[in-house]
Peer 1: 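This is the structure I have questions about; it appears just below.
Not measured: the values here are computed from a predicted model.
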Amino acid sequence: ELPKEDFSIFDMTKLCELKVGEITIIAGRGCPYACTYCFNKAFKGRYEKDLSKKSGQYIRFKTPDQIIGEIKSVIAQTGNVKRLAFVDDSFTLNKKVLKELLKEYKKEVNLPFNCNTNPMSFDEEVAKLLKESGCINVRFGVECGNERIRKEILHRPMSNDRIKQAFDLCRKYKIISGAYIMVGLPTETEKEWLDTIKFCVWIQPDMIRVSTFYPFADTEIYNFCEDNDLIDKKVREELENVDGKSCLKMSDEERMKLDK
């Protein structure tokens, strides 16, 4: 069972003001997916090794009463909460847990909220439930619009049609949709860059967050880049931040197009 979070160590009033009335809450921990660019796969392995936990126990959820209690505590501490953000990797992962939580949330809190999730755990029943419970914004990890890159390089084997369905459901239920997109992915061709642009036009997200791919150490995709000599070590050392520009080897023309 996950312990109660201690919000008293933070100045929640100031944090809430800086986020214009928004506070962040985590309903559970762990992610079942094995995306190559994410720390979760390595973290899951370390968790299982260090604590001798079985794979299924890596995904842990707080009880609805615990979550509602934490929310009420923060609201009492700040006094001016206008909305919440559930920042779980995939908030809608477990439909049974989601139903139990949102039933209590609507009754006890009833504030607008947003969340992150995976298109694979988002169907019409979930979209309807979220809308009825006060959800105003759902953000999906799309990453790119080319199925080869998603399947072979990112290990996100979801079809373009399945992703499109998630965004269509958001429009149907009048929920603002967001797409997380990465550019400059390993082995990505110019045509595949354009696939992502065309895909975004097709799914029509209300918001897009674009980031430049960066191979973080100890991730599977970092090892892939190292094994295939894809990282420009000099460029990587000169980066002021990991989202500034790509540290992968590419021609000047490719880098110019990516920067644009």
Peer 1: Can you name the closest pair of heavy atoms from Ser246 and Gly184 and give their distance?
Peer 2: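 Closest pair (atom of Ser246, atom of Gly184, distance): OG-O, 4.3 Å.
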
Peer 1: Might you confirm whether atom CG of Asp252 has over 12 heavy atoms from other residues, nucleotides or ligands at distances under 6.0 Å?
Peer 2: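 No - once you tally the heavy atoms of other residues, nucleotides and ligands closer than 6.0 Å, there are 12 at most.
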
Peer 1: Could you check whether Tyr214 and Phe216 have their ring centres less than 6.0 Å apart?
Peer 2: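 Ring centres of Tyr214 and Phe216 closer than 6.0 Å.
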
Peer 1: Do Lys82 and Leu111 have side chains that get closer than 4.5 Å, going by heavy atoms?
Peer 2: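 No, every pair of side-chain atoms sits at 4.5 Å or beyond.
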
Peer 1: When you measure from the side chain of Thr196 to the backbone of Gly145, do you find a donor-acceptor pair of N or O atoms at a distance under 3.5 Å?
Peer 2: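 Yes.
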
Peer 1: Can you tell me if Asp88 uses its side chain to pair, donor with acceptor, with the backbone of Ser90 under 3.5 Å?
Peer 2: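 No, because the side chain of Asp88 does not come within donor-acceptor range (under 3.5 Å) of the backbone of Ser90.
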
Peer 1: Run the side-chain contact (heavy atoms from CB on, under 4.5 Å) check on Met207 and Ile176 step by step: do they pass?
Peer 2: CA-CA 8 Å; Met207 302 184 301; Ile176 296 170; 4.2 Å; yes

Peer 1: Does any non-hydrogen side-chain atom of Leu230 lie less than 4.5 Å from one of Phe224?
Peer 2: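 Yes; the side chains approach each other to less than 4.5 Å.
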
Peer 1: Scan for ring-ring contact (aromatic ring centres under 6.0 Å, His included) pairs involving residues 116-137, sequence neighbours excluded, and state none if there are none.
Peer 2: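 As it turns out, the ring-ring contact (aromatic ring centres under 6.0 Å, His included) pairs with a partner in residues 116-137, which skip direct neighbours, are Phe122-Phe140.
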
Peer 1: Can you find a pair of side-chain heavy atoms, one from Ile25 and one from Ile67, that are under 4.5 Å apart?
Peer 2: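 SC-SC contact between Ile25 and Ile67 confirmed.
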
Peer 1: Given Lys41 and Tyr33, is the side-chain contact (heavy atoms from CB on, under 4.5 Å) satisfied, shown in steps?
Peer 2: CA-CA 8 Å; Lys41 187 175 181 180; Tyr33 304 107; over 6 Å; no

Peer 1: Main chain of Lys174, side chain of Lys131: is a donor-acceptor contact present, judged purely on distance under 3.5 Å?
Peer 2: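 Checked: pair present.
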
Peer 1: For the side chain of Ser177 and the backbone of Asp206, is there at least one donor-acceptor N/O pair under 3.5 Å apart?
Peer 2: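 A pair under 3.5 Å: yes.
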
Peer 1: Are Glu143 and Tyr37 linked by a side-chain donor-acceptor pair shorter than 3.5 Å?
Peer 2: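 Yes, side-chain donor-acceptor contact under 3.5 Å.
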
Peer 1: Quick one: are Glu124 and Lys172 in side-chain contact, heavy atoms under 4.5 Å?
Peer 2: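 They are in contact (side-chain heavy atoms under 4.5 Å apart), so the answer is yes.
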
Peer 1: Would you mind reporting whether Tyr222 and Ile231 have side-chain heavy atoms less than 4.5 Å apart?
Peer 2: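 A side-chain contact exists here, since the closest heavy-atom pair is under 4.5 Å.
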
Peer 1: Please check: side-chain N/O of Arg156 versus main-chain N/O of Gly141, any donor-acceptor pairing under 3.5 Å?
Peer 2: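 Confirmed, Arg156 side chain pairs with Gly141 backbone.
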
Peer 1: For the residue pair Lys257 and Trp193, would you count it as a cation-pi contact if the rule is NZ or CZ under 6.0 angstrom from the ring centre and within 45 degrees of the ring axis?
Peer 2: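 No - Lys257 does not lie over the ring of Trp193 by the 6.0 Å and 45° rule.
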
Peer 1: Okay, side chain of Arg255, backbone of Leu248: is any donor-acceptor separation there less than 3.5 Å?
Peer 2: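 Judged by distance alone, yes, a pair lies under 3.5 Å.
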
Peer 1: From the options Asp123, Thr117, Asn118, select the one residue that forms a side-chain hydrogen bond (donor to acceptor under 3.5 Å, both in side chains) with Ser121.
Peer 2: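 Option passing the side-chain hydrogen bond (donor to acceptor under 3.5 Å, both in side chains) with Ser121: Thr117.
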
Peer 1: More than 12 foreign heavy atoms under 6.0 Å from CZ of Phe43: is that the case here?
Peer 2: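 Atom CZ in Phe43 is not crowded, with 12 or fewer foreign heavy atoms closer than 6.0 Å.
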
